[in-house]
Q: 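Sharing a structure, written as C-alpha cells. Questions coming.
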Number of protein chains: 2
Amino acid sequence: MLLMPSDLAAPDDNAELVYMRVADDIAARIASGELTPGTRLRSERDLAEHYGVAYGTIRRATKVLRERGLIETIHGRGTYVR
Amino acid sequence: MLLMPSDLAAPDDNAELVYMRVADDIAARIASGELTPGTRLRSERDLAEHYGVAYGTIRRATKVLRERGLIETIHGRGTYVR
DNA sequence: GGCGATTTGTACGTATGTATT
DNA sequence: CAATACATACGTACAAATCGC
C-alpha cells in the first residue's frame, strides 16, 4: 500500500508489517474524528482493494482493532466504529 | 515440535526432517483409528500452530500424506481422512 | 417464507524473503 | 549450492449470516 514506513511519528511497533500499518491508519482516522462511532466501515473486500492489500491482511488489521476495542464486527452486516 | 527423533521404531526415513515427523505422526493417528475415514482434520494453519511449526512445513507434511493416499484436501473446505 | 445480493468467516493455494544447515 | 524451515503476504474457494424485496 501507499503508506510510508514512517512519517515522523511511530504509532505502533512492528510498523514494517503491512497489516499493522493498515490498522494504524484506520485507528488514526478514528482518533482524528474522520470516522465517528456508529459509522460502518467499507466492506473488508473493499478495504482490501482500497489499501491495495489482500483480504487476509485486512482481516489481520481489523482483528487488531477489534482487540483494541476500536471497532466491532458483525457477521453478515459489517464493521462499525465504537 | 514435541515429537522425539526416535522411539525405537523408524516409521519412515528422514525422520530428522520436521515435515516427515509431522506426516508420520498424523499417519500414526490414522493407523491407530484415532482419525477415522471421513474425519476432517483441523485447518492447516491450526495444525501449524498445534505442532509449533510453520505453515509451509504443514503443507509439506500433508503433501506427503496426500501422495500416500491417506488424506484428501479440498480447496476452501478442508482436509479429510480417506 | 423464499430468494438474491451483500458481507463477514474460514480454509486451501502460491509466492517471496530470510536464515540455517 | 540446494534443501529445509520460518514468517509474511497475496490470491482464491467455499460457507454462513444478514437484509431487503
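First the proteins, then the strands, lettered A, B, ... as listed; each starts at 1.
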Q: Let me know the distance between CG of Leu47(A) and P of dT7(C), rounded to the nearest Å.
A: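 These atoms are roughly 11 Å apart.
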Q: Name all residues meeting the salt bridge (charged side-chain N to carboxylate O under 4.0 Å, His left out) criterion together with Arg60(B); count only those two or more places apart in sequence or in a different chain, and write none if there are none.
A: none
Q: Using atom CG of Asp46(A) as one end and atom C1' of dA5(C) as the other, report the distance to the nearest whole Å.
A: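 Value for this atom pair: 14 Å.
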Q: Whole angstrom is fine here: how far is it from CD1 in Ile71(A) over to C1' in dT7(C)?
A: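 For the pair Ile71(A) CD1 and dT7(C) C1', the rounded distance is 14 Å.
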Q: Taking atom P of dG9(C) as reference, at what distance in whole Å does atom CD of Glu72(A) sit?
A: 11 Å
Q: I want to verify a distance call: between dT7(C), dG9(C), dT12(D), whose nearest atom is closest to the Thr73(A) side chain?
A: dG9(C)
Q: Would you say Thr79(A) reaches dT8(C)'s phosphate, i.e. side-chain N/O to OP1/OP2 under 4.0 Å?
A: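 The answer is yes; a side-chain N or O of Thr79(A) sits under 4.0 Å from OP1 or OP2.
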Q: Might you list the N or O atoms of the protein lying below 3.5 Å from N or O atoms in nucleotides 2-8 of chain D, with each pair's distance?
A:
from	atom 1	to	atom 2	distance (Å)
dA5(D)	OP1	Val18(B)	N	2.3
dC6(D)	OP2	Ala54(B)	N	2.9
dC6(D)	OP2	Thr57(B)	OG1	2.3

Q: For the pair made of CD1 in Ile58(A) and P in dA9(D), what is the distance, rounded to whole Å?
A: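 Value for this atom pair: 11 Å.
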Q: When you measure from the side chain of Ser32(B) to the backbone of Arg29(B), do you find a donor-acceptor pair of N or O atoms at a distance under 3.5 Å?
A: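 Flag set: sc Ser32(B) to bb Arg29(B) pair under 3.5 Å.
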Q: Got a salt bridge between Lys63(A) and Glu67(A), using NZ or NE/NH1/NH2 to carboxylate O under 4.0 Å?
A: yes
Q: To the nearest 0.5 Å, what is the distance between CG (Leu17(A)) and CG (Asp24(A))?
A: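 Answer rounded to 0.5 Å: 10.0 Å.
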Q: Tell me: NE2 of His75(B) to C1' of dT10(C), nearest whole Å?
A: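 Taking NE2 of His75(B) and C1' of dT10(C), I get 11 Å after rounding.
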Q: Given the rule that I, L, V, M, F, W and Y join up when any side-chain heavy atoms are under 4.5 Å apart, are Leu41(A) and Leu70(A) in one cluster?
A: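 As far as the 4.5 Å side-chain criterion goes, Leu70(A) and Leu41(A) are connected within one cluster.
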Q: From CD of Glu49(A) over to P of dT8(C), roughly how many Å is that when rounded to an integer?
A: 14 Å
Q: Should Val81(A) and Leu65(A) be regarded as members of a common hydrophobic cluster, given that ILVMFWY residues are connected when their side-chain heavy atoms come within less than 4.5 Å of each other, either directly or indirectly?
A: yes
Q: Check whether Arg82(B) reaches the backbone of Gly38(B) with its side chain - one donor and one acceptor, N or O, closer than 3.5 Å.
A: no
Q: With distance as the sole criterion, do the side chain of Arg45(A) and the base of dG9(C) form a donor-acceptor contact below 3.5 Å?
A: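 Pair found.
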Q: Using whole Å, what does the distance between atom P of nucleotide dA9(D) and atom CZ of Arg21(A) come to?
A: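 For the pair Arg21(A) CZ and dA9(D) P, the rounded distance is 8 Å.
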